[in-house]
Amino acid sequence: MGKKQAGTGPLSRRPDNSAFKQQRLPAWSPSLTAQTVLPTFYILSLVCLLLGIWLLITVENTYELKVDYTNAGTCERCFNLRKRAIDSRTACTCTVSFHVPKTFPGDVFFYYGLRNFHQNLRRYMDSRDDAQMVGRKNNLKAPSSYCAPFDYDANRIPIAPCGAVANSMFNDSLTVMYNPTDVSEIQVKLYRKGIAWYTDKNVKFRNPPTNNTFTLQQAFEGTTRPLYWQRPVYELDDTDSNNNGFINDDLIGWMREAAFPNFKKLYGVLNRAQGPFTEGLPAGNYTLSINYNFPVEPFRGRKELVISMVTWFGGQNYFLPIAYLVTSGLILLTAVVLTTVYVKVGKKGKNMEE
């Protein structure tokens, strides 16, 4: 026999008469009084103040030096040369001298910085082919339409990597020389690998399949380099064959777009294995040599070398300390106002005029 059909009267959908379903469980409701609220405001203000001071001291002990080389030193000629697109592949080198006022202890990171370059524009960020960047052979010869007009060159040869992001890749080469007073200049050697995110290097960016008889150059056969590149993608690094193609660290770092128009991207890490750099970057005079390729005049930008040490808090960034200090001040101001109102009005409004 089947189940007995449930009743259909007005009480058929009534919840069970239990403490949970009838909402009779005991509950705690805080009593917000001046004696409990005001101390909380003052304690929060003190906590934010202490955190702000602690972070501010940490940031002050994080050294950072910026060297703007856009048209400084002997780079004025290169800056004017790069104004004309017809001279984009004409080699130009220059030097800029700078001084490091104090020693950078420990690990030292070298960045290239750009100003007024908007990598966060939607159409710019969409101008890429992620399927191509993971090494799919079909996409090498047939780039996505999102890459237009940087998908094919004038002869209808597919571009690899395609798109505006890859086409505008930063391609200056930077060499730093240390100039001590007692000996000849010493090159500041950098680790140029291992500067990309692990997931980018091993998941998001892959080269087309190769083997002992099928080289990376053959894998890219039938494609051409982006319009403003100096060399094809399979020859980006002439010192390490394993750092070529779509898994080149510099290319991967550039393809991760910045959120703000003024940004910096990691260029290398100080090699502390030998010489006067075992304890860090010593104070003194330095010379920056640049293979000047990247034009900035069209977007009225600036280029710079950024030297920075990194602590547990990261690089030199004043945003969070200032945010904590401002928050502490606002909470304290609120607490003082509430205290004044409480003193004037009194408990339960006993001093309030009728």
Side-chain angles (χ1 to χ4, degrees), residues 66-96 98 110-129 132-133 143-175 223-233 235-236 246 248-267 288-306:
K66 296 182 179 181
V67 181
D68 189 317
Y69 67 89
T70 308
N71 52 359
T74 63
C75 293
E76 180 72 27
R77 178 179 62 88
C78 297
F79 174 76
N80 294 326
L81 183 67
R82 290 294 176 256
K83 291 181 180 180
R84 300 181 295 271
I86 193 174
D87 297 323
S88 61
R89 294 185 180 179
T90 302
C92 188
T93 59
C94 59
T95 59
V96 175
F98 65 96
F110 289 73
Y111 304 83
Y112 64 86
L114 289 178
R115 293 188 173 274
N116 202 38
F117 191 96
H118 295 262
Q119 272 198 316
N120 58 350
L121 295 176
R122 183 184 63 82
R123 293 192 63 184
Y124 177 86
M125 297 177 66
D126 289 342
S127 185
R128 59 189 293 166
D129 188 349
Q132 187 187 69
M133 302 299 291
S144 169
S145 59
Y146 283 100
C147 289
F150 302 102
D151 48 356
Y152 296 91
D153 67 358
N155 299 319
R156 296 298 299 173
I157 300 177
I159 296 175
C162 70
V165 183
N167 184 71
S168 61
M169 176 183 168
F170 182 86
N171 55 354
D172 283 0
S173 296
L174 309 176
T175 304
T223 65
T224 187
R225 61 187 175 185
L227 302 178
Y228 291 100
W229 280 27
Q230 305 294 320
R231 55 180 67 182
V233 66
E235 293 180 352
L236 288 177
F246 295 148
N248 177 266
D249 285 58
D250 291 326
L251 174 62
I252 293 175
W254 179 259
M255 296 297 289
R256 179 172 284 278
E257 298 93 344
F260 300 101
N262 301 333
F263 61 87
K264 62 183 181 182
K265 292 179 182 285
L266 186 60
Y267 185 79
L288 173 63
S289 300
I290 309 107
N291 288 332
Y292 204 106
N293 299 313
F294 193 82
V296 294
E297 195 274 339
F299 58 91
R300 299 180 181 178
R302 308 291 296 179
K303 298 188 292 187
E304 58 190 11
L305 170 70
V306 182

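- Listed for the N262 side chain is a donor-acceptor partner under 3.5 Å among the backbone atoms of N116.
- For the atom pair D250 CG and S173 OG, the distance stands at 8.5 Å (nearest 0.5 Å).
- The backbone N or O of C162 sits less than 3.5 Å from a side-chain atom of Q132, completing a donor-acceptor pair.
- For the atom pair CG of L305 and OH of Y267, the computed distance is 9.5 Å after rounding to the nearest 0.5 Å.
- For the atom pair M133 CE and I252 CD1, the distance stands at 7.5 Å (nearest 0.5 Å).
- For a disulfide, the SG atoms of both cysteines must be under 2.5 angstrom apart; this fails for C94 and C78.
- In terms of heavy atoms, S127 sits closest to A164 at OG-N, 2.7 Å.
- Nearest heavy-atom pair across R84 and N80 is NH1-O, 3.8 Å.
- Of the inter-residue distances, the one linking I159 atom CD1 with N167 atom CG reads 7.0 Å to the nearest 0.5 angstrom.
- Closest approach of C147 to R128, counting heavy atoms only: SG-C, 3.6 Å.
- Remark: the backbone N or O of P161 is not paired with any side-chain donor or acceptor of D129 at under 3.5 angstrom.
- Looking at V233 and N248, their side chains never come closer than 4.5 Å, going by heavy atoms from C-beta outward.
- Of all the heavy atoms in K265 and R256, the pair that sits closest is NZ-O, 2.6 Å.
- Counting non-hydrogen atoms of neighbouring residues, nucleotides and ligands closer than 6.0 angstrom, the OH atom of Y228 reaches no more than 12 such neighbours.
- In this structure, F98 and Y69 have side chains that are not in contact, with every pair of non-hydrogen atoms separated by 4.5 Å or more.
- Counting only N and O atoms by type, the side chains of N71 and R302 include a donor and acceptor under 3.5 Å apart.
- Side chain of K264 to backbone of Y111: no donor-acceptor contact under 3.5 angstrom is found.
- Looking at every heavy atom in both residues, Y124 comes nearest to V165 through O-CG2, 3.0 Å.
- In this structure, the separation between CG on L251 and CG on N171 is 11.5 Å, given to the nearest 0.5 Å.
- No side-chain donor-acceptor contact under 3.5 Å links W229 to the backbone of L236.
- Among W254, F170, Y112, the one residue that satisfies the ring pair (Phe, Tyr, Trp, His ring centres under 6.0 Å) test with F117 is W254.
- Checked against K303 for a side-chain hydrogen bond (donor to acceptor under 3.5 Å, both in side chains), the options D172, D68, T70 give a single hit: D172.
- In this structure, L81 and C92 approach most closely via the heavy-atom pair CD2-CB, 3.9 Å.
- The CZ atom of F263 sits 10.0 Å away from atom CD of E257, with the distance rounded to the nearest 0.5 Å.
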